[in-house]
Trainee: 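If you scroll down you'll find the structure; I have some questions about it.
Model, not experiment: these values are computed from the prediction.
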Amino acid sequence: GAKIPEYRRYLMPMFSVTILVLGTVAAFQEELWSKILVFVVACLVFCSMCAFNRQQIIEYSCGEEGVLVGDSEFRKATLLLLATWAPFPLWYVVSPEGFGFINNVLIIQIGWAFLNIVAKFIFIFYLQRG
């Protein structure tokens with residue numbers, strides 16, 4: 001909306017691109033310390049993105065809403081988006097691309113598919129409800 005600064009139309013997608021690039025970079029790190037470092041930087045970028053999402057809720061509602069307070073559709077959609085994105089870095093950690101706690105390829109692929117389906121379909125169903 002008009003209440004949110006124009007530059008965020010570019011900044012917010014760039015956060016997502018940056019996180020995906022950092023995840024790819026981390027996957028190719030051979031040293032554990034460098035993999036952890038890149039993962040931590042990606043987590044910091046995600047936290048920054050979450051902070052901007054919080055700020056957008058406040059701006060959109062002219063200060064009447066926040067993450068914990070409010071009932072607008074914008075706030076609900078933002079919180080739904082954040083809640084469905086949060087499991088992705090956790091699954092990355094356990095995957096072979098991350099720290100390899102789970103090495104069964106079938107389980108990893110089913111996990112990614114499940115996370116993607118849940119994240120996308122919940123959001124689509126929320127937007128399309130009557």
Side-chain angles (χ1 to χ4, degrees):
K3 299 174 186 176
I4 297 173
E6 183 71 19
Y7 74 91
R8 297 233 190 95
R9 291 180 59 190
Y10 307 102
L11 178 65
M12 300 309 281
M14 288 309 298
F15 277 136
S16 295
V17 169
T18 302
I19 291 167
L20 291 172
V21 168
L22 287 170
T24 303
V25 169
F28 288 108
Q29 298 302 308
E30 294 184 17
E31 298 290 332
L32 181 61
W33 68 268
S34 60
K35 186 177 285 223
I36 291 170
L37 178 66
V38 176
F39 181 77
V40 167
V41 171
C43 287
L44 291 173
V45 173
F46 180 74
C47 288
S48 298
M49 184 173 65
C50 290
F52 274 101
N53 276 299
R54 176 194 164 274
Q55 184 63 32
Q56 288 178 175
I57 293 170
I58 294 168
E59 291 168 347
Y60 184 81
S61 67
C62 297
E64 293 181 19
E65 294 185 326
V67 172
L68 301 175
V69 177
D71 197 37
S72 73
E73 295 301 316
F74 183 83
R75 177 185 167 274
K76 290 176 187 175
T78 300
L79 294 179
L80 183 64
L81 188 74
L82 292 176
T84 58
W85 283 2
F88 281 90
L90 301 174
W91 192 248
Y92 176 86
V93 166
V94 301
S95 75
E97 295 88 6
F99 301 108
F101 298 119
I102 299 174
N103 289 313
N104 185 316
V105 176
L106 180 62
I107 291 173
I108 293 299
Q109 294 304 322
I110 289 172
W112 285 126
F114 176 78
L115 289 175
N116 277 294
I117 289 168
V118 167
K120 287 160 181 69
F121 278 94
I122 285 177
F123 195 69
I124 289 168
F125 290 145
Y126 178 77
L127 292 177
Q128 290 184 344
R129 65 183 164 68

Trainee: Above 12 or not: heavy atoms from other molecules or residues under 6.0 Å from CZ of Phe28?
Mentor: no
Trainee: Just verifying a value: how many Å separate Leu80 CG and Trp85 CH2, rounded to the nearest 0.5 Å?
Mentor: 11.0 Å
Trainee: Between Thr84 and Phe123, does the side-chain contact (heavy atoms from CB on, under 4.5 Å) criterion hold? Intermediate values first, please.
Mentor: CA-CA 9 Å; Thr84 58; Phe123 195 69; 5.7 Å; no
Trainee: Kindly compute the distance separating CG (Leu20) from CZ (Phe15), expressed to the nearest 0.5 Å.
Mentor: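 CZ of Phe15 is found 13.5 Å from CG of Leu20.
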Trainee: Got Leu22 and Phe39 here, is their nearest side-chain heavy-atom distance under 4.5 Å?
Mentor: no
Trainee: Under the 4.5 Å side-chain heavy-atom rule for ILVMFWY, direct or indirect, which residues accompany Leu37?
Mentor: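 Besides Leu37, the hydrophobic cluster comprises Trp33, listed by chain and residue number.
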Trainee: Check this for me: Arg8, atom CZ, are more than 12 non-hydrogen atoms of other residues, nucleotides or ligands nearer than 6.0 Å?
Mentor: yes
Trainee: Show your working on side-chain contact (heavy atoms from CB on, under 4.5 Å) between Val25 and Gln29 and close with a plain yes or no.
Mentor: CA-CA 7 Å; Val25 169; Gln29 298 302 308; 3.6 Å; yes
Trainee: Other residues, nucleotides and ligands only: do more than 12 of their heavy atoms fall within 6.0 Å of OH on Tyr126?
Mentor: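 More than 12 within 6.0 Å, yes.
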Trainee: Could you state whether Ile102 and Leu115 fall into the same hydrophobic cluster, counting links through intermediate Ile, Leu, Val, Met, Phe, Trp or Tyr residues with side-chain heavy atoms under 4.5 angstrom apart?
Mentor: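 Ile102 and Leu115: one cluster.
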Trainee: I need the full list of side-chain hydrogen bond (donor to acceptor under 3.5 Å, both in side chains) pairs touching residues 87-102, with sequence neighbours left out, sorted by first then second residue.
Mentor: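 For residues 87-102: Ser95-Glu97.
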Trainee: Please report the interatomic distance CG(Leu127) to CD1(Ile122), rounded to the nearest 0.5 Å.
Mentor: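 The CG atom of Leu127 sits 12.0 Å away from the CD1 atom of Ile122.
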Trainee: Report the distance from atom CZ of Arg54 to atom CG of Leu79, rounding to the nearest 0.5 Å.
Mentor: 11.5 Å
Trainee: Please confirm whether Arg129 makes a cation-pi placement over Phe125, using NZ or CZ under 6.0 Å from the six-membered ring centre and within 45° of the ring normal.
Mentor: no
Trainee: Set out, in order, the CA-CA distance, both residues' side-chain angles and the distance that settles side-chain contact (heavy atoms from CB on, under 4.5 Å) for Met49 and Val45, then state yes or no.
Mentor: CA-CA 6 Å; Met49 184 173 65; Val45 173; 5.7 Å; no
Trainee: Keeping Glu65 on the side-chain end and Arg75 on the backbone end, is there a donor-acceptor pair under 3.5 Å?
Mentor: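 No: the side chain of Glu65 does not pair with the backbone of Arg75.
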Trainee: Looking at every heavy atom in both Pro96 and Lys35, which two are closest together, and how far apart are they?
Mentor: O-NZ, 4.4 Å
Trainee: Using 0.5 Å steps for rounding, measure from the CD atom of Glu64 to the CD1 atom of Ile57.
Mentor: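 Glu64 CD to Ile57 CD1: 14.0 Å, rounded to 0.5 Å.
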Trainee: According to a 4.5 Å side-chain heavy-atom criterion applied to Ile, Leu, Val, Met, Phe, Trp and Tyr, with indirect links allowed, do Trp112 and Val94 form part of one hydrophobic cluster?
Mentor: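 Yes: a chain of side-chain contacts under 4.5 Å links Trp112 to Val94.
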Trainee: Atom SG of Cys43 and atom CD1 of Ile36: how far apart are they, to the nearest 0.5 Å?
Mentor: 11.5 Å
Trainee: Does CG belonging to Leu68 count more than 12 external heavy atoms closer than 6.0 Å?
Mentor: no
Trainee: Mind running side-chain contact (heavy atoms from CB on, under 4.5 Å) on Asn53 and Met12 for me, showing each step along the way?
Mentor: CA-CA 9 Å; Asn53 276 299; Met12 300 309 281; 3.6 Å; yes
Trainee: Is it true that Phe101 and Val40 fall in one hydrophobic cluster, defined by side-chain heavy atoms closer than 4.5 Å?
Mentor: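 Yes, same cluster.
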Trainee: In terms of hydrophobic clustering (I, L, V, M, F, W, Y; side-chain heavy atoms under 4.5 Å; direct or indirect links), are Phe88 and Ile110 co-clustered?
Mentor: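 Different hydrophobic clusters.
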Trainee: Can Ile4 be reached from Phe52 by stepping across I, L, V, M, F, W or Y side chains whose heavy atoms are under 4.5 Å apart?
Mentor: no
